[in-house]
2 protein chains.
Amino acid sequence: MTETASRPTLEAVAARAGVSRATASRVVNGGDGVREPLVERVRQAVEELGYVPNQAARSLVTRRHDAVAVVIAEPETRVFADPFFALQLRGISKELTAHDSQLVLLLTEGRDDHTRVGRYLAGGHVDGALVFSLHLDDPLPGLVQRAGLPTVFGGRPGWSDGTRDAVYVDSDNRGGAGVAVRHLLGLGRTRVAHITGALDQTSAVDRLDGFREAAPDPDPRLIAEGDFTPGGGERAMRELLERRPDLDAVFAANDLTAAGALRVLRECGRRVPEDVAVVGFDDMLPVAEQTDPALTTVRQPIEEMGRLMARLLVGGEASSVVLPTTLVRRVSA
Amino acid sequence: MTETASRPTLEAVAARAGVSRATASRVVNGGDGVREPLVERVRQAVEELGYVPNQAARSLVTRRHDAVAVVIAEPETRVFADPFFALQLRGISKELTAHDSQLVLLLTEGRDDHTRVGRYLAGGHVDGALVFSLHLDDPLPGLVQRAGLPTVFGGRPGWSDGTRDAVYVDSDNRGGAGVAVRHLLGLGRTRVAHITGALDQTSAVDRLDGFREAAPDPDPRLIAEGDFTPGGGERAMRELLERRPDLDAVFAANDLTAAGALRVLRECGRRVPEDVAVVGFDDMLPVAEQTDPALTTVRQPIEEMGRLMARLLVGGEASSVVLPTTLVRRVSA
DNA sequence: TCGGGCTCCGAGAGCGCTCTCATCCGGTGC
DNA sequence: GCACCGGATGAGAGCGCTCTCGGAGCCCGA
C-alpha cells in the first residue's frame, strides 16, 4: 500500500517555468512579491505537471500540519446510538474545511488506547485537538493537556487534574433544564419528576442541578437515575411511577430517555400530555419528531457547537463558550 | 495554533546514548542488528528525553503515512440520522488502530468539495482511501480512482467511469431481500409489498431486485418508493394502503423506513403482525428493538464491514467481498 | 552621471529522518 | 599467521520543501 507514482516536485515545476525553486514556492504559496509574467509561467507549469505540494516536506519545515485531531472517548457502544457526535463532527468538518485543515479522527475504547492517543498527540502530527470527554474520571483530558497541544473540549470536562482552565464549548445544560421545568410549572404541574442521564457525565450532572434548582417539589423520590438510553428511560420511568404514582410531569435528561419514558407511560395507561407532561433534551430530530406524541424538548445547537469548537481551536481563542438552549414546543408538554 | 515546544530530535537521542544517529534510528525502528547494550542505552535515552519521532520527516523519506482517508459523501443530512456510518467508522477505526494507521475523515457536501477531496487524495497525504459512495451518479469514485490511490469502497459503487473493477465491501442486499420475502411467504402471506430505499443508491436497487425476484405478486402497485427515512416510509405506506388495501405484508428497505410504515399501519388500524407482517433491513438496534411491535429484520454486519474494508485496504487485497445477511426474528413478522 | 533605495529573484542552508555504503571489528579456515 | 568473511556501526547523502539573505536590476533625485 505504498505510494508508487512519483509526483512532480517543486524543482520540476521551477525548471519547466524557467525560474528558481524559491520563486516557484512563492507562487505556489500565494505569489506575493513575484511579477505577473513569472507568476503566470509558474502557474502554468503547475497545471501542466499536475503538481501538488508534498505536505510532509512542507510540515517538516513549517511545523504546521493543517490538521487537527478529534478525540472521541467511547467506552460504551451507546455513543453511536444517538447522532450527537455525528452532528458535531459535521460542524467541525465544515469549519475545518473552511480553514483548509484536515480532521484526524481518533476513537478510543478502553485504557490502553489512551496511551496510544497520548503518544499520537504528543507526536506532533496535528496542530491541535478537539476532545470529547465523556466521563468525569476520564484521564484523557489530563493526558491531552500534558501533550501541550492547543485543545478545546466538547462539553465541560470534569474537574480532574489540570483541566480547571480548559477551554470548552458546552450548551447551557443547567439553564436548559431550568427552562424545561419552568415550562412544566407554567402548565400547572406541581409534581415534576426527573430522569437523569448517566451521572458520570457533566452534562447529566448539570441538567440535574438545573432541575433541582427549579423543581417545585424537592422529594428525592421524584428523581430516578437513567443513562441517556431508551432502556434506561423505561426503567427509570417505572421506578418513578411506583415511587410517586401521583407525578404529573417528567423532565428527561435527553430525547432518547424521554422516548423510553413515553413508552412506559403509554403502557401504564397514562395519557401524555393530559395526565403526565413530558419534556426531553437535545431536540434530536429523528427522535423528537417521531415519538408519539411528538416531544417537547430543549434544543441545543449541536452542529453549531462542533463548528464553534473548531473555530476556537484554529482561531487560538482562550475562553470557553456556553451556548444557549431553546425550548421547542410540540405535543408532549 | 503553531506548535511551540521544540521536541527532542533523533540527533539528541543519539548524542545522549553516545551512538550515531543511524544506530539510534535502528533502535527506534525495532532495533534489529544492534547489539543489546547499545539498544538498551538508546532506549533509555529515548525514555529520558521523551523522544517521539517526527512523522513528517519520516514520511518525507519513507513515502508512507500510516494514514488512510475515509471519504463520506454526504449531500443529505439524512446520512447522520441513522448510526450506520458511525458503526462502520468504528469498525474501520478498530482495524486501523491495530495496524498503527490513522483515520483522516473527509466529509463532503456538494460538488466543489469533490475537487477539494480529489486534491487531497492526490496530494499524497494518505496511503489509501475508503470511500462511501452513496449515489449512482456520484463523480467521487472516478475521481478517487484517478488519484491513483489504493481504494476500497463501502457498498457497491455505481457503474460510472472506471469503477468497474473497483474493490468494495458490501452486504448481500439482494440475497437479504430474498430471505425477507421468503420469510413472509413462509408465514402464508401472498400479497407482499415493498417500500424501496433511495433508488439512486445501489443498496436500494439491489434490495429491490431481490424483492422482485422473490415476490409472489409482481403487481407494480405493491412497490412504493421511499428514501430510507421514517418520513419516506410513512408516505410510501399510505400510498401502498391506498393502492392495494388488501396487502398482508411489507418488506421495507431499512429499519427506519419500517418504523415509519409501522406508525402508519397502526394509525390505520391494521394490526402488526396479524393483519400485516413487516420486515425491515439493517438490524439497527436502537431502532429495531424499540419499534412497536419489535421489528423482524435482516441484519447486516455493519461494524464488520467497516473492519473488513480497512483490512482489505491495508492488506492490499484485490477482490471485493459481499458479506452474508441473516434474518432476525422479532415480533413484527 | 552617480549613489541610494527599492523591488524581485536565486542560491543555499537547513527541517528530522532513513538508508546506502564504507569502515571497522572479531572470528574463522587454511 | 594471513586472507577472508560477516555482522555491527557510523558517515553522509538525500527526501521536498521553506525561508533567509545577498545580489541584481531598476528608478529616482541630486
Side-chain angles (χ1 to χ4, degrees), chain A residues 2-43 45-46 49-67 100 122-127, chain B residues 2-43 45-46 49-67 100 122-127:
Chain A
T2 313
E3 203 168 335
T4 52
S6 94
R7 330 203 128 282
T9 72
L10 235 207
E11 190 71 52
V13 172
R16 186 178 192 101
V19 300
S20 74
R21 204 171 57 243
T23 298
S25 173
R26 278 189 269 263
V27 172
V28 168
N29 291 293
D32 303 332
V34 179
R35 256 177 313 210
E36 192 44 44
L38 283 199
V39 171
E40 199 39 53
R41 289 222 313 269
V42 173
R43 288 251 160 81
V46 165
L49 295 174
Y51 170 76
V52 183
N54 179 320
Q55 189 61 36
R58 182 178 278 178
S59 291
L60 183 56
V61 32
T62 60
R63 276 133 190 299
R64 306 193 67 245
H65 304 86
D66 294 321
D100 275 319
H125 305 245
V126 292
D127 301 319
Chain B
T2 314
E3 203 169 335
T4 53
S6 94
R7 329 202 129 282
T9 72
L10 235 208
E11 190 70 51
V13 171
R16 185 176 192 102
V19 300
S20 74
R21 203 171 58 242
T23 297
S25 172
R26 278 189 268 263
V27 172
V28 168
N29 292 292
D32 303 333
V34 179
R35 258 178 310 213
E36 191 45 45
L38 283 198
V39 171
E40 198 40 52
R41 289 221 312 268
V42 174
R43 289 251 160 82
V46 165
L49 295 174
Y51 170 76
V52 183
N54 179 319
Q55 191 60 37
R58 181 179 279 179
S59 291
L60 184 56
V61 35
T62 61
R63 278 138 189 295
R64 306 194 67 245
H65 305 86
D66 295 320
D100 275 320
H125 304 246
V126 292
D127 301 319

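Please read these numbers as outputs of a predicted model, since none were measured by experiment. Letters A, B, ... are given to chains in the order of the sequence lines, protein chains preceding strands, and every chain is numbered from 1.
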Taking C-beta and beyond as the side chain, do A:Val34 and A:Val27 meet within less than 4.5 Å on heavy atoms? yes
Can you find a heavy atom in the side chain of A:His65 that is under 4.5 Å from one in the side chain of A:Val126? no
Does A:Ser20 have a side-chain nitrogen or oxygen under 4.0 Å from the phosphate oxygens OP1 or OP2 of C:dC9? no
Minimal non-hydrogen separation, A:Tyr51 against A:Val28, with atom names: CE2-CG2, 4.0 Å
At their closest point, which heavy atom of B:Asp66 faces which heavy atom of B:Asp100, and how far apart are they? CB-O, 3.6 Å
Is there a side-chain contact between A:Arg58 and A:Asn29, using heavy atoms and a 4.5 Å cut-off? yes
Could you list, one pair per line, each protein nitrogen or oxygen that sits under 3.5 Å from a nitrogen or oxygen of nucleotides 22-24 of chain D, together with the distance?
none

Taking all atoms of both residues into account, what is the closest heavy-atom pair of A:Leu10 and A:Ser25, and its distance? CD1-CB, 3.6 Å
Using modelled atom types only, decide if a donor and an acceptor are shared between the side chain of B:Arg41 and the backbone of B:Ala17 within a distance under 3.5 Å. yes
On a heavy-atom basis, the closest approach of B:Arg64 and B:Ser59 is O-OG, 2.9 Å
For each nucleotide in nucleotides 15-22 of chain C, reading 5' to 3', give B when a protein heavy atom comes within less than 4.0 Å of its base, S when such contact involves only the sugar-phosphate, and - otherwise. BBBBB---
Here the pair of heavy atoms bringing A:Ala24 nearest to A:Val13 is CB-CG1, 4.5 Å
Stretch residues 33-42 of chain A: residues that reach within less than 4.0 Å of DNA chain D through a heavy atom: none
Decide yes or no for B:Asn54 and B:Thr9: does some side-chain heavy atom of the first lie under 4.5 Å from some side-chain heavy atom of the second? no
